[in-house]
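First the structure, in the form of structure tokens, and then the observations on it.
Because the structure is a prediction, the values reported are computed rather than measured. Positions are given from 1, in the same order as the sequence printed here.
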Amino acid sequence: MYWFNGQVIDGQTLALDVYNPGLLYGATVFTTLRVYGQSLDHPLTAWRQHCDRIRTSLQAFQWPQPDESCLRQGAEALMPHYPILRMTLFPDGQALITGRPLPADLAERQQRGITAWVAPHDYSRTLPAHKTGNYLACWLAAQAAKAQGAAEAILVDGAGHWLETSSGSLWGWAEGQWWTPPLTAGILPGVMRSQLIRHLHILGRPALETPWTPAKAQQFENLAYTNCGVEIVPIHTVLQGRTRLEYNPDQRVLQELRFMFDEALP
């Protein structure tokens with residue numbers, strides 16, 4: 001089941017013009033959100049922030065803005081069936097909303113953590129400040145990570161600075177505080193990332209947004225990645241060339257981040 005241009009369609013096939021730039025070049029803008037409490041207005045769902053991110057990218061590309069009330073109707077039609085929704089906008093104004101379940105092993109990942117693999121710079125994203133349909137580099141990096149026995153890939157810049165994972169934002173714990181790479185490094189302004197930065201600021205423990213050199217990345221005691229679908233997942237091992245880095249997946253440290261969810265959920 002999916003929603004396309006005002007209609008709910010029962011199926012998995014979509015008819016597009018063979019010359020559609022979204023099909024030919026990945027020329028789309030999308031955002032992925034997780035619905036909490038069966039409500040788009042729930043603070044953790046962050047509907048407003050997701051729509052704002054889409055609107056910012058559409059303005060930058062000079063593409064038409066969608067009818068947000070229509071998008072909301074589509075999301076509300078699908079959310080009883082799927083906890084995660086993806087909204088995709090095309091250059092001609094067409095809109096597609098699809099849904100998917102939570103990962104089957106999400107609870108285990110959140111508890112035990114995962115292994116990540118540092119990908120070569122060849123896998124860098126294009127237009128990193130925008131979430132576009134040209135996600136080939138991230139997808140290839142994720143596939144290469146799986147071939148290495150890892151669940152996620154860590155993307156780097158030309159100098160080897162760690163930027164983000166193939167699907168989320170990076171967080172490190174060291175010297176009694178949280179660190180995350182800055183937007184100026186060339187990463188996606190993730191909605192979950194923004195929520196956590198605001199949450200830590202309210203707690204009076206702001207995250208340090210500084211570049212992650214390879215040396216700095218090795219100094220972290222704890223490591224995690226976040227996105228709107230998986231929330232917070234610790235990383236206990238990083239494979240970097242022939243080096244194997246170990247991090248403590250201690251849930252007590254992560255609790256400072258998880259508190260944002262605890263206080264917002266009944």
Side-chain angles (χ1 to χ4, degrees), residues 2-8 28-91 93-102 125 127-133 135 164 167-171 178 180-184 187-203 206-207 209 225-232 257-266:
Y2 63 91
W3 180 92
F4 185 60
N5 290 336
Q7 292 186 326
V8 175
T28 61
V29 169
F30 77 96
T31 192
T32 303
L33 60 93
R34 178 171 170 176
V35 180
Y36 290 83
Q38 285 291 297
S39 172
L40 297 181
D41 296 319
H42 193 287
L44 292 179
T45 303
W47 171 261
R48 177 77 269 141
Q49 292 94 317
H50 283 281
C51 289
D52 287 346
R53 180 166 67 179
I54 285 178
R55 184 173 63 252
T56 297
S57 293
L58 294 178
Q59 288 176 343
F61 300 157
Q62 299 184 30
W63 295 356
Q65 294 288 338
D67 182 340
E68 189 176 313
S69 63
C70 191
L71 280 181
R72 187 181 179 95
Q73 290 174 5
E76 289 176 339
L78 291 188
M79 69 183 190
H81 307 279
Y82 304 105
I84 298 179
L85 302 179
R86 169 176 164 148
M87 299 192 296
T88 304
L89 283 299
F90 293 80
Q94 295 188 97
L96 168 70
I97 304 178
T98 55
R100 68 173 187 261
L102 296 173
R125 288 199 304 117
L127 299 173
H130 303 278
K131 199 160 187 174
T132 71
Y135 237 59
E164 56 195 344
S167 69
S169 303
L170 280 169
W171 296 84
W178 285 103
T180 190
L183 295 181
T184 53
I187 65 172
L188 181 73
V191 171
M192 177 60 67
R193 178 184 181 276
S194 298
Q195 287 180 302
L196 287 172
I197 286 176
R198 184 167 57 252
H199 164 70
L200 291 173
H201 182 76
I202 291 173
L203 291 180
E209 298 179 69
Y225 83 99
T226 63
N227 66 42
C228 289
V230 303
E231 299 178 344
I232 304 164
L257 297 181
R258 295 192 192 281
F259 180 65
M260 184 183 78
F261 300 93
D262 296 339
E263 64 181 2
L265 292 173

Enumerate donor-acceptor pairs with a distance under 3.5 Å from any side-chain N or O in residues 71-85 to protein atoms, sequence neighbours excluded.
| unit_1 | atom_1 | unit_2 | atom_2 | d |
| --- | --- | --- | --- | --- |
| Arg72 | NE | Glu76 | OE2 | 3.2 |
| Arg72 | NH1 | Asp41 | OD1 | 3.4 |
| Arg72 | NH2 | Asp41 | OD1 | 3.1 |
| Arg72 | NH2 | Asp41 | OD2 | 2.9 |
| Tyr82 | OH | Met1 | N | 3.4 |
| Tyr82 | OH | Met1 | O | 3.4 |

Between Thr98 and Thr88, is the side chain to side chain contact (heavy atoms under 4.5 Å, CB included) condition met? List the steps.
CA-CA 8 Å; Thr98 55; Thr88 304; 5.6 Å; no
Nearest heavy-atom contact between Phe30 and Thr132 is CE2-O, 3.2 Å
Does any N or O in the side chain of Asn5 come within less than 3.5 Å of the main-chain N or O of Gln94, such that one atom is a donor and the other an acceptor?
-> no
The salt bridge (charged side-chain N to carboxylate O under 4.0 Å, His left out) partners of Arg125 (sequence neighbours excluded) come to Glu164
- request: Inspect the surroundings of CD in Gln59 and state if more than 12 heavy atoms from other residues, nucleotides or ligands are less than 6.0 Å away.
  value: yes
Minimal heavy-atom distance between Tyr36 and Thr45, with the atoms involved, is N-OG1, 2.9 Å
**Prompt:** Are Arg100 and Thr32 side-chain neighbours, meaning at least one heavy-atom pair lies under 4.5 Å?
**Reply:** yes
Interatomic distance, OG@Ser169 vs CG@Leu183, rounded to 0.5 Å, equals 8.5 Å
Item to check | Phe261 and Ile232: CA distance, side-chain angles, deciding distance, side chain to side chain contact (heavy atoms under 4.5 Å, CB included) verdict | outcome: CA-CA 10 Å; Phe261 300 93; Ile232 304 164; 3.5 Å; yes
query = Within the distance-only criterion (no hydrogens, no angle test), does the side chain of Ser194 pair as donor or acceptor with the backbone N or O of Gly190 below 3.5 angstrom?
reply = yes
Contacts of Pro182 meeting side chain to side chain contact (heavy atoms under 4.5 Å, CB included) (sequence neighbours excluded), chain-then-number -> Thr184, Ala185, Glu209, Pro211
Rounding to 0.5 Å, atoms CZ (Arg193) and SG (Cys228) come to a distance of 12.5 Å
Close side-chain approach of Tyr225 and Val230, heavy atoms under 4.5 Å: yes
Distance col, row Gln65:CD vs Leu58:CG, nearest 0.5 angstrom, shows 5.0 Å
Q | Test item: Leu33 and Arg86 side chains (from C-beta on) under 4.5 Å apart, heavy atoms | A | no
Report yes if some heavy atom in the side chain of Met192 is under 4.5 Å from a heavy atom in the side chain of Met260; otherwise report no. yes
**Item:** Working for side chain to side chain contact (heavy atoms under 4.5 Å, CB included), residues Phe61 and His130
**Value:** CA-CA 10 Å; Phe61 300 157; His130 303 278; 3.7 Å; yes
Heavy-atom nearest pair, Pro91 first then Pro64, reads O-CD, 3.1 Å
So NE2 of His201 and CG of Leu196: to nearest 0.5 Å the spacing works out to 14.5 Å
Distance-only polar pair, side chains of Ser57 and Arg55, donor-acceptor under 3.5 Å:
no
Heavy atoms of Pro43 and Gln195 approach each other most closely as O-NE2, 3.1 Å
Review point. Is any side-chain heavy atom of Leu200 closer than 4.5 Å to a side-chain heavy atom of Phe259?
Key: no
- request: Can you label the angle between the Phe4 ring and the Phe90 ring as parallel, tilted or perpendicular, going by 30° and 60°?
  value: perpendicular
Check: Would you say the side chain of Trp63 lies within less than 4.5 Å of the side chain of Val29, judging by non-hydrogen atoms?
Finding: yes
Of all heavy-atom pairs linking Ile187 and Pro181, the shortest is CD1-O, 3.5 Å
* Asked: Does Leu96 reach the side chain of Met87, with side-chain heavy atoms less than 4.5 Å apart?
  -> no
Is there a side chain to side chain contact (heavy atoms under 4.5 Å, CB included) between Glu68 and Arg48? Walk through the geometry before answering.
CA-CA 10 Å; Glu68 189 176 313; Arg48 177 77 269 141; 2.8 Å; yes
With a 4.5 Å heavy-atom cut-off, do Glu231 and Thr226 have their side chains touching?
no
Heavy-atom nearest pair, Val191 first then Arg53, reads N-NH1, 3.7 Å
